[in-house]
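So the structure is just underneath, and the comments pick up after that.
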Amino acid sequence: MRTIVRSPLSWLPLAVLLSGCAAQGGTRVVKLAHTLDTTHPVHRAMVMLGERLAQKSGGTMRLDIYPGGQLGSERETLELLQIGSLGMTKVSSSVLEGFAPAFRVFGLPFLFRDDAHRFAVLEGPVGRQLLDEPERFRLRGLTYYDAGSRSFYTTSRAVRTPADLAGLKIRTQESAVAMQMVRTLGGAATPIAWGEVYTALQQGVVDGAENNPPSFHLSRHYEVARYFTLNEHTAVPDVLVVATEVWEDLSPQQRRWLQEAADESAVYQRRLWREATEEALREVEKAGVQIIRPDKRAFAERGARLLDSFRGDPEVGPLIQSIQAVR
């Protein structure tokens, strides 16, 4: 069965359930929805994508962006792509695990040696192979957006070693690999939707979470989680996805314009991300958050157990080998 639909879409207004790509007065309009704030580096990159697409097409193509979860969660926007009601979206690769299992590889801890290695993988044949992976589920990856490295932040005590995670309930994404990763590093994994994390931290439903510095800052989680541990256990990229129904309806020239605009927006977003990461760390520290820079070796040693357990996986094992071979 090609289409995977995991939750009903009856919550959506009927007006939303329109074609994800339509012609209006001779202009091809593609609808893109995501869950981020309009100040986020990824949203700003998407605005640039739309501008470049309009320029390249001479105004014959237009991108309409619906930010802030207007059309649902990341999982729900993927489902809208699958049924042709939305043209494009941005999701974490962790969410794509449920649609294309090969993306589980990005959730493994300490997979990349450093940032240079990570970008070499994403921009090379392995990265392109993974972007093509969801096509059998009516989804096509266009490019990766940098989401940096994920680290732990906590409310009650600082985490300096994996032993400090013992007894702490840590919010994770709704990803089996993310939950295994937290358990392997010593915490108790608790999957919670992103929009509910602030309240969960505030009310003690969880003792902490894990994410990148810009998300920690922009979500204002630093108001309730006063310890941020830069252990950088995973580097889970964001993925810009287009519905195959939309992609196949475009002419070869329109596909080139869209792919080129997406690639250019990714380069721009990477610069914005670096700036946002530096700003986030400055601002949360100024707000009183204690930033811990631990010895990462103890975390890496624990993480290696999970990485090694996937080497025998028929889908993920060969990808680990290919990624580690990239120079």
Side-chain angles (χ1 to χ4, degrees), residues 2-5 9 12 16-24 27-36 42-57 60-67 69-100 102-103 106 122-123 127-147 237-269:
R2 288 170 58 85
T3 302
I4 296 178
V5 177
L9 297 171
L12 284 167
V16 170
L17 296 179
L18 303 172
S19 172
C21 181
Q24 295 181 8
T27 300
R28 179 59 66 96
V29 179
V30 181
K31 295 195 301 183
L32 185 159
H34 65 80
T35 61
L36 302 171
V42 169
H43 174 80
R44 293 167 62 192
M46 291 173 178
V47 172
M48 184 265 203
L49 188 162
E51 292 169 351
R52 297 296 293 132
L53 182 62
Q55 291 168 3
K56 289 175 182 293
S57 68
T60 62
M61 294 186 73
R62 189 180 87 218
L63 191 66
D64 284 355
I65 304 176
Y66 300 83
Q70 293 179 45
L71 302 188
S73 67
E74 290 194 340
R75 182 176 296 278
E76 287 162 341
T77 58
L78 284 174
E79 292 167 355
L80 287 174
L81 261 66
Q82 288 183 313
I83 64 173
S85 295
L86 184 65
M88 295 171 62
T89 191
K90 185 289 305 175
V91 298
S92 168
S93 67
S94 292
V95 177
L96 273 172
E97 287 177 23
F99 298 78
F103 275 92
F106 287 132
L122 297 181
E123 294 169 357
R128 184 66 254 177
Q129 174 189 338
L130 281 161
L131 289 177
D132 292 340
E133 185 69 21
E135 284 197 349
R136 55 195 167 127
F137 304 111
R138 300 184 181 178
L139 305 167
R140 176 185 175 85
L142 285 176
T143 194
Y144 296 99
Y145 285 138
D146 188 9
D238 282 342
V239 185
L240 184 64
V241 184
V242 62
T244 55
E245 181 175 320
V246 169
W247 181 258
E248 291 165 2
D249 194 48
L250 298 177
S251 70
Q253 180 63 75
Q254 289 172 325
R255 292 178 192 174
R256 281 193 294 274
W257 288 331
L258 180 56
Q259 185 65 65
E260 287 172 3
D263 291 339
E264 291 169 18
S265 75
V267 173
Y268 175 60
Q269 186 268 343

Exercise for review: Hey, could you give me the CG/CD distance between Leu53 and Glu264, rounded to the nearest 0.5 Å?
Suggested key: 10.5 Å
**Study point:** Distance (rounded to the nearest 0.5 Å) between Leu71 CG and Glu79 CD
**Key:** 13.0 Å
**Study point:** Euclidean distance, Glu135 CD relative to Thr244 OG1, rounded to 0.5 Å
**Key:** 7.0 Å
Check your understanding: Do Asp132 and Arg140 have side-chain heavy atoms sitting under 4.5 Å apart?
Key -> yes
Revision key, fill the gap. Applying side chain to side chain donor-acceptor pair (under 3.5 Å) to Thr77 and not counting sequence neighbours gives Thr89
Practice item. List in chain and number order the residues that pass side chain to side chain donor-acceptor pair (under 3.5 Å) with Gln129, two or more places apart in sequence or in another chain; answer none if no residue qualifies. Key: none
Review point. Would you say the side-chain atoms of Glu245 pair up with the backbone N or O of Ile83, donor to acceptor, closer than 3.5 Å?
Key: no
Exercise for review: Return the set of residues passing side chain to side chain donor-acceptor pair (under 3.5 Å) with Thr143 (not counting sequence neighbours), or none when no residue passes.
Suggested key: none
Exercise for review: Measure the shortest side-chain to side-chain distance between Val246 and Lys31 over non-hydrogen atoms and say whether it is less than 4.5 angstrom.
Suggested key: no
Review point. To the nearest 0.5 Å, how far apart are CZ in Phe137 and CG in Leu96?
Key: 10.5 Å
Check your understanding: Under a 4.5 Å cut-off applied to non-hydrogen side-chain atoms, are Leu122 and Pro237 in contact?
Key -> yes
**Study point:** Residue pairs passing the salt bridge (Lys or Arg N to Asp or Glu O under 4.0 Å) test where at least one lies in residues 252-261, sequence neighbours excluded
**Key:** Lys56-Glu260
Check your understanding: Does any non-hydrogen side-chain atom of Leu250 lie less than 4.5 Å from one of Met61?
Key -> yes
Review point. Do you know the tightest heavy-atom contact between Lys90 and Leu36?
Key: CE-CD1, 3.8 Å
Review point. Who are the side chain to side chain contact (heavy atoms under 4.5 Å, CB included) partners of Gln55, not counting sequence neighbours?
Key: Arg52
Check your understanding: Does the side chain of Glu76 come within less than 4.5 Å of Leu80's, by heavy atoms?
Key -> no
Revision key, fill the gap. Looking only at heavy atoms, the pair that brings Ala45 and Tyr145 closest together is CB-CE2, 4.1 Å
Check your understanding: Which residues pass the side chain to side chain donor-acceptor pair (under 3.5 Å) test with Tyr144, sequence neighbours left out?
Key -> none
Check your understanding: Can you name the residues that form a side chain to side chain contact (heavy atoms under 4.5 Å, CB included) with Ala102, not counting sequence neighbours?
Key -> Leu130, Glu133, Glu315, Leu319
Point to revise | Gln269 side chain to Asp146 backbone, donor-acceptor under 3.5 Å | key: yes
Review point. Rounded to the nearest 0.5 Å, what separation is found between the CE atom of Met88 and the CG atom of Leu258?
Key: 5.0 Å
**Study point:** Non-neighbouring partners of Ser94 that pass side chain to side chain contact (heavy atoms under 4.5 Å, CB included), sequence neighbours left out
**Key:** Ser92, Glu97, Gln173, Ser175, Val236
Revision key, fill the gap. For Val267, the side chain to side chain contact (heavy atoms under 4.5 Å, CB included) test, sequence neighbours excluded, returns none
Practice item. Calculate, to the nearest 0.5 Å, the distance between atoms CD and CD belonging to Gln259 and Gln254 respectively. Key: 14.0 Å
Point to revise | Considering all heavy atoms, the nearest Val239-Ser93 contact | key: CG2-CB, 4.0 Å
